[in-house]
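Chain letters run A, B, ... following the sequence lines, proteins first and then strands; every chain starts at 1.
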Amino acid sequence: MNIPLNIDWQQILLHLFNFSLLAGGLYLLLYRPVKRFMDEREAHYRAAKDEAETLTAQAEKLRSEYGEKLAAAEADIARRISEADLELEQYRAQEVEKARQEADKIITRARENALRERAEIIAEAKKDLTEAAAAAAEKIALGDAGDPYEQFLSLVERGSGDEPAK
Amino acid sequence: MEKTRRNRFLLLWLCVSAALLAGSLALPDAGHSESIGAAMRDAVLHETNKISLFGLMDVNPSLISAMSVTAVLLIAALLIRVLVIPRFTYVPGRLQLLLEQAVGTFRGMARENSPRRCGFLGAYIFAAAAYIFFGTLFELFGFQAVTTQGHSMALPAPLADINAAIMLGVLSYFVIVSGAIAGHGIRGIGGALKEISLLLSLSLRLFGALLSGLLVTELVYYYSALSYALPVVVAVLFTLLHALIQSYVLTMLTSLFYGELHGEE
């Protein structure tokens, strides 16, 4: 059969055979190895990405946990500070009360001491006044003669001078 | 110093070019073994100039071109497989980047059009694109072959032969049909038959595009007056554009219809 345009089935099949050789060869020698390498690299980077995402998620989880722990610790610290403040306040009040009681004791004791000393001073003053009064009275009673003993002694001395010779 | 060297190079280059031009004009024309009509008819139909395939049969020159391209590509692929691919690193160099870009482009095209079933499609369009691209560039080299009639002729692009274009077009259609069957079973054949025009359009699109380039080149080279400077644009740039455009068009259409008939949205 004479086909127009010189179409030749045998040559079409030869071209097909040639192309199948080329396609198969290119697939085995070029396309598949390059594709496999690209897949491997993609898998490598995907694994790295997944690992990074996992690590990021873990880090995020840890951060969240630590955040919660931090918040709990801060709450605990705040509670403890509050308790400590309360205790401090109570302690301060106790100490103030104790100091006040101590001060009261000291004041009482001082007051007692003062009273006692006052009494002693007054007693001593009375005694001094008494002595002074006695001395004054004596002085008034005796006049300028002075002490009688002294007067006796003076007379004795004076008499021995005036006695006649025997 | 640098400027002097450049001027010397320019002078030498102009002298050599002028000498070659004078020589080619001075020498007597060897004459054409066939008329322009016959040459262009033969470029389309390949009725006259046949080449013996290892003494087994006479075939169109495009088949020899196709086999040469296949041999070169397979040797290059083998060398790359042995020498380059084992040294691939996660941070690619230039050659690795080129290879990955080539594979990744067609793999991505297949995945984009047929996400559920893209392995075979990617491999097929990669091979088809390589065949079209390098096959088209092959004609740039102008490798000579001796026909059975004893004439010397430049080997054309494989797809400048309608038999090669029909092969690739029909094969692409059957790949699309296989996608339809894989997606919908026997019912998929019905859907594929609705697109039966693809058989013709894919084949003739390839053949027409490649043939037009071949005819223009053939025409230009037939007349020696047109053989200066013009081929730089006509042959090189047009061939490069052909290679890129036809590779892209066939692979894009194949993957598009494959995905559509396979049942992808």
Chain A heavy atoms under 4.5 Å from T89(B): which part of the residue, side chain, backbone, both or neither? backbone

Take atom OH in Y248(B); do more than 12 heavy atoms of anything else shown fall under 6.0 Å from it? no

Using a 4.5 Å heavy-atom cutoff, which residues in residues 64-76 of chain A come close to chain B? none

Honestly, the part of I80(B) sitting under 4.5 Å from a heavy atom of chain A is side chain

Run the salt bridge (Lys or Arg N to Asp or Glu O under 4.0 Å) test on E83(A) and R80(A) for me, step by step, so that the C-alpha distance in whole Å, both residues' side-chain angles and the decisive distance to 0.1 Å come before the verdict. CA-CA 5 Å; E83(A) 286 175 4; R80(A) 289 189 182 189; over 6 Å; no

Where does L74(B) contact chain A at under 4.5 Å (heavy atoms): side chain, backbone, both or neither? both

Contacting moiety of L78(B), where chain A heavy atoms sit under 4.5 Å: both

Which bit of F37(A) comes within less than 4.5 Å of chain B, counting heavy atoms only: side chain, backbone, both or neither? side chain

Please determine if E95(A) and R92(A) form a salt bridge, counting it only when a charged side-chain N lies under 4.0 Å from a carboxylate O. no

Side-chain (T251(B)) to main-chain (S247(B)) donor-acceptor, under 3.5 angstrom: yes

Any salt bridge linking E112(A) with R116(A)? Criterion: basic side-chain nitrogen under 4.0 Å from a carboxylate oxygen. no

Contact leader toward chain A among A165(B), A130(B), A76(B), G122(B), where contacts are heavy-atom pairs under 4.5 Å: G122(B)

I'd like to know if R107(B) and D39(A) make a salt bridge, using a cut-off of under 4.0 Å between side-chain N and carboxylate O. yes

Note, L159(B) side chain near Y131(B) side chain (heavy atom, < 4.5 Å): yes

Check whether I166(B) gets within reach of chain A through its side chain, its backbone, both or neither, counting any heavy atom under 4.5 Å. side chain

Contacting moiety of A128(B), where chain A heavy atoms sit under 4.5 Å: both

If we ignore angles and hydrogens, is there a donor and acceptor under 3.5 Å between the side chains of Q96(B) and E100(B)? yes

Between T148(B) and D58(B), is there a side-chain donor-acceptor contact under 3.5 Å, judged purely by atom types and distance? no

Tell me, side chain or backbone of F17(A) under 4.5 Å from chain B's heavy atoms, or both, or neither? neither

Without hydrogens or angle criteria, can the side chains of N163(B) and D8(A) be said to hold a donor-acceptor pair below 3.5 Å? no

